[in-house]
Amino acid sequence: MIEAVVLADASTAPVEAHHSKETSTTPGQTEASAEVWAADGLRSGIWEVTPGTFASTRDGYHEICQILSGRATIEEPGGRTFDIAAGSLFITPAGWKGTWTIHETLRKSWVVFTLPVQGGRRPAE
């Protein structure tokens, strides 16, 4: 029998231990995550990051993000900025790039769709 995957409260669900945020430009910024489910090119989980600034890219996958807590400002290469906070929902398609400035520790739930590899490479993004 196939059963649903349920988190009673994603805003307080446990995540792995925090570790250094690899793409951060802020000393001491950390992140942690927990994968909740994965199948057939889809993955879902929870992620959290402490205050600071980091670069982000979506190479080979689309991501849907639902902010559970915290606040941030995201800037895209063309100069567009948008603020996110609890309740915000946004999508970063494959090929997207941006810089995140986290104002308060941020937690999000996420769903990632990995693009299939065709002929040794992913389709144009």
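For the numbers below, each heavy atom of this structure counts, side chains included, while hydrogens, waters and symmetry mates do not.
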What pairs of donor and acceptor atoms, side-chain ones from residues 94-102 against any protein atom, are under 3.5 angstrom apart with sequence neighbours left out?
| from | atom 1 | to | atom 2 | distance (Å) |
| --- | --- | --- | --- | --- |
| Trp96 | NE1 | Glu76 | OE2 | 2.8 |
| Thr101 | OG1 | Thr53 | OG1 | 3.4 |

Show the nearest heavy-atom pair for residues [X] and [Y], with the distance to one decimal.
{"X": "Thr57", "Y": "Tyr61", "answer": "O-OH, 3.5 Å"}
{"X": "Ala55", "Y": "Thr23", "answer": "O-OG1, 2.8 Å"}
{"X": "Ser44", "Y": "Val111", "answer": "OG-CG2, 3.9 Å"}
{"X": "Gly52", "Y": "Thr26", "answer": "CA-OG1, 3.4 Å"}

Under 3.5 Å, side chain of [X] to main-chain N/O of [Y], donor-acceptor pair present?
{"X": "Gln29", "Y": "Thr50", "value": "yes"}
{"X": "Gln66", "Y": "Lys108", "value": "no"}
{"X": "Arg107", "Y": "Ala10", "value": "yes"}

Q. Looking at residues at least two apart in the chain, or sitting in another chain, which of them share a ring pair (Phe, Tyr, Trp, His ring centres under 6.0 Å) with Phe82?
A.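 Counting only residues at least two positions away or on another chain, Phe82 forms a ring pair (Phe, Tyr, Trp, His ring centres under 6.0 Å) with Phe90.
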So how far is it from [X] [atom1] to [Y] [atom2], rounded to the nearest 0.5 Å?
{"X": "Ile64", "Y": "Leu42", "atom1": "CD1", "atom2": "CG", "answer": "8.5 Å"}
{"X": "Glu48", "Y": "Thr105", "atom1": "CD", "atom2": "OG1", "answer": "6.5 Å"}
{"X": "Ser88", "Y": "Leu106", "atom1": "OG", "atom2": "CG", "answer": "9.0 Å"}

**Q.** hydrophobic_cluster_shared for Leu68 and Val112, side chain cutoff 4.5 Å
**A.**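 No, separate clusters.
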Q. Does anything in residues 2-25 pair up under salt bridge (Lys or Arg N to Asp or Glu O under 4.0 Å), and if so which pairs, sequence neighbours excluded?
A. Lys21-Glu31
Q) Under 3.5 Å, is there a donor-acceptor pair between the Arg71 and Thr73 side chains? A) no
Q.
For Ile46 and Leu7: C-alpha separation, side-chain torsions, deciding distance, then whether side chain to side chain contact (heavy atoms under 4.5 Å, CB included) applies.
A. CA-CA 10 Å; Ile46 298 169; Leu7 290 179; 3.4 Å; yes
